[in-house]
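Reading through the structure tokens given below for one structure.
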Protein chains: 2
Amino acid sequence: MSKPDLTTTRLDDAARAGWLYYVAGNTQDEIAAKLGISRQSAQRMVSLAVSEGLVKVRLDHPIARCLDLAEQLKQRFGLKMAEVVPTDPGSTSTTLGVADAAAAEMTRWLKSETPIVLGIGTGRTLKAAIELLSPIECPQHKVVSLTGNIAPDGSAAFYNVIFNIADKIKARSFPMPLPVIASSPEERELLHSQAMIRPVLELSAQATVAFVGIGDLEDDAPLFIDGFISRQELLALRQAGAVCEIVGRAFDRNGVPIKGLTNDRVASAHIPSRDTAMVIAIAKGPKKLPGIEAALKGSLINGLITDEATAEALLAS
Amino acid sequence: MSKPDLTTTRLDDAARAGWLYYVAGNTQDEIAAKLGISRQSAQRMVSLAVSEGLVKVRLDHPIARCLDLAEQLKQRFGLKMAEVVPTDPGSTSTTLGVADAAAAEMTRWLKSETPIVLGIGTGRTLKAAIELLSPIECPQHKVVSLTGNIAPDGSAAFYNVIFNIADKIKARSFPMPLPVIASSPEERELLHSQAMIRPVLELSAQATVAFVGIGDLEDDAPLFIDGFISRQELLALRQAGAVCEIVGRAFDRNGVPIKGLTNDRVASAHIPSRDTAMVIAIAKGPKKLPGIEAALKGSLINGLITDEATAEALLAS
DNA sequence: TTGTGGTATGGGCAAATACTCACATAATGG
DNA sequence: CCATTATGTGAGTATTTGCCCATACCACAA
């Protein structure tokens, strides 16, 4: 050994220390003794091995992949929160897994001691999530609906879940006794100016956290199936470039609201500001993919709960 | 939601905790907060993930000294493959390190698209290696046992690992439903001529690669400890110059098979030909030194996975 | 209903580890 | 030659972790 390359030998020592630590399971004291250096130096060697990337940790479990994807989603789309659940390849359910995850996430928020305002959108996924929610007493919180709860035939909109959740969590609830889509822009203004409604709208704007679904606008769009819009209106929206709707409001592929059409009559509250609130979308599946992409592009949301396959598709594009 | 498999969800949680700890670099406190459990539980989850083998650490650094030794081993003994792992001076484990390396080497072979026949010997080291093997789907390969899997008392031989590995890699497995050592040469012939056994023996001769352990013949020889041979037989073998055994067959210090004695009754397949197969021995430690030397001298193997100290000793002689 | 055995939980504490700082030494540059 | 700066070292300290133990919990049997 004439002139040993210092970097090499240093890394060699680091690798050796790392090996003794991680593979052989020695403590740093033991390593220090074996290599004839001080414990502090041993510690430095080990942490050098880590910081130089010599030590690779891999988890042999499907969950690890989900967590990886969640991290990537957060990075890529600037989300504050992301959760990816495993995809069950055999299932076509649009709620399996994500509903549980959403319920868990809600519970985390609800456990807070300090009062929060919880905004709630609508949809099948959200309904499934609420059903999975464990009852929890939280009278300190308020839960406010972001959408009207009156179906076109005057009945209660089935997928409006404000009452279900309020019941489960024993919190004060603020429903919106409105149709989801008014018959005209003027009617919407009239309704919104009502004394009963205004405070609800104001409250919704102050939401701490909101959970929303993302609806597709294909031929069996929930908005159409549930009778809130006509086939003509659906087609018109698509014509105008709409790919999804959130709380009834339609957006194009860049997450920009469609101008005119039904959007002029949507009686829902606006999605709370992403600056002041966590807006968490719950959506998975190929059908919702364009919608999720739009929501991400337009920064309509800053949280997402989805599944593995969908996360992969989002990251692939 | 029927009744979810508890073990699965527990491992899921463990994997999640392990991921947060090792990949995301959270402290146990942070994990506890995120998962909504106590720190102690988080700690338990993490250590469960470790003990269940979910967490794999790999050191991505060729320690110069080990590489050097490996190269020398290859040169000196005409090996096609050699791997040297660092030695932990304080540890007496005979598997530490080499088992990891063996698992990695197996994985390299198993990743092959073209079907291979993988021969598997027996022993503690091999068992440890298989346990560290990450599950990998390779239905294209076949894995064949080189030794019988029936212990003298009729139970399954504990260190016969054919089932373990077949399970991990989802490949077709060919066990040998035989005692390791027959009661007489005649019985061996009889067994070997059975319709069930012959194809397995033939397959083992076609192995692409075989992993074998090397057993010493000291007073606590594995062959004796596990009850395959009596003390008298052990002593007789030593008397005849035997220094080691591979798949149950005893060899002298030059790697020449012992004539007669238990060797006449060993029901194992022969070690595959070094001309057509890679035969990789996994062995380290002073006790195995004469055995490894014998295997090298007799060209019984053309691959070796060992540790630094053993490699040095081999090269010193 | 009560008891009982096995299992999970959380508190507390000692050990192990990470971090900070002051200092020594060596290389660099004027 | 000295000053300056980078680099490594050891000591002290705060944080983190591993483990034991008492307790709570649960299922099941009497």
Side-chain angles (χ1 to χ4, degrees), chain A residues 1-57 59 61 63 67 104 107-108 111-113 134-137, chain B residues 1-59 61 63-64 86 88-91 93 96:
Chain A
M1 314 210 181
S2 48
K3 182 172 177 179
D5 182 71
L6 284 178
T7 313
T8 304
T9 51
R10 252 170 50 80
L11 278 187
D12 258 26
D13 288 344
R16 195 171 289 272
W19 190 89
L20 288 167
Y21 189 71
Y22 288 104
V23 182
N26 288 282
T27 70
Q28 296 179 353
D29 272 314
E30 293 169 318
I31 296 169
K34 283 169 189 175
L35 297 182
I37 54 179
S38 74
R39 195 187 65 71
Q40 290 81 352
S41 300
Q43 196 274 330
R44 268 177 213 116
M45 289 290 111
V46 174
S47 80
L48 181 67
V50 175
S51 64
E52 288 290 325
L54 303 183
V55 179
K56 297 265 165 63
V57 186
L59 264 105
H61 198 278
I63 287 292
L67 294 164
T107 306
R108 270 191 286 278
K111 273 185 179 157
S112 154
E113 286 296 324
S134 317
I136 165 175
E137 304 256 331
Chain B
M1 301 276 150
S2 49
K3 179 168 180 168
D5 185 329
L6 285 178
T7 312
T8 304
T9 51
R10 253 167 54 79
L11 274 189
D12 274 9
D13 288 344
R16 197 170 251 112
W19 190 89
L20 288 166
Y21 189 73
Y22 288 104
V23 182
N26 288 287
T27 70
Q28 296 179 353
D29 271 312
E30 292 170 317
I31 296 169
K34 283 176 190 173
L35 267 45
I37 54 180
S38 72
R39 191 192 65 78
Q40 290 77 356
S41 302
Q43 198 274 334
R44 270 186 268 268
M45 289 289 108
V46 173
S47 77
L48 181 67
V50 175
S51 65
E52 289 290 325
L54 266 42
V55 179
K56 299 268 162 68
V57 268
R58 193 178 89 245
L59 257 108
H61 186 76
I63 297 184
D88 178 0
S91 164
S93 162
L96 183 68

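Chain letters run A, B, ... following the sequence lines, proteins first, then strands; residues in each count from 1. Bear in mind that the values here come from a model prediction, so they are computed numbers and not experimental data.
Distance CD1 (B:Ile37) to P (C:dT7): 20 Å, rounded to an integer number of Å.
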Contacts under 3.5 Å, N or O only, protein and nucleotides 11-15 of chain C:
| unit_1 | atom_1 | unit_2 | atom_2 | d |
| --- | --- | --- | --- | --- |
| C:dG11 | N7 | B:Gln40 | NE2 | 2.7 |

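Pairing each heavy atom of A:Leu54 with each of B:His61, the nearest pair is CD2-CB, 3.6 Å. For the residue pair A:Ala17 and A:Met45, the shortest heavy atom distance occurs at CB-CB, 3.5 Å. Considering all non-hydrogen atoms of both residues, B:Ala49 and B:Ala14 come closest at CB-O, 3.4 Å. Across B:Ala15 and A:Ile63, no two heavy atoms sit closer than the pair CB-CB, 4.1 Å.
For B:Ser93, the side chain to side chain contact (heavy atoms under 4.5 Å, CB included) partners two or more places apart in sequence, or in a different chain, are B:Ser91, B:Thr95, B:Leu96. With sequence neighbours left out, the side chain to side chain contact (heavy atoms under 4.5 Å, CB included) criterion links B:Ala42 to B:Ile31, B:Ala32, B:Ile37. Residues meeting the side chain to side chain contact (heavy atoms under 4.5 Å, CB included) test with A:Val23, sequence neighbours left out: A:Trp19, B:Leu59, B:Asp100.
First and last contacting nucleotides of DNA chain D toward chain A (any atom under 4.0 angstrom from a heavy atom, 5' to 3' order): D:dG8 to D:dA11.
At least one side-chain heavy atom of A:Asn26 sits under 4.5 Å from a side-chain heavy atom of B:Asp88. Between B:Tyr22 and B:Val50, the closest side-chain pair of non-hydrogen atoms falls below 4.5 Å.
Between the CD atom of A:Gln43 and the CG atom of A:Leu48 there is a distance of 10.5 Å, given to the nearest 0.5 Å.
The stretch residues 22-36 of chain B does not touch DNA chain C, since none of its heavy atoms comes less than 4.0 Å from the strand.
Contact annotation: A:Tyr21 does not reach the phosphate of C:dA16 (side-chain N/O to OP1 or OP2, under 4.0 Å).
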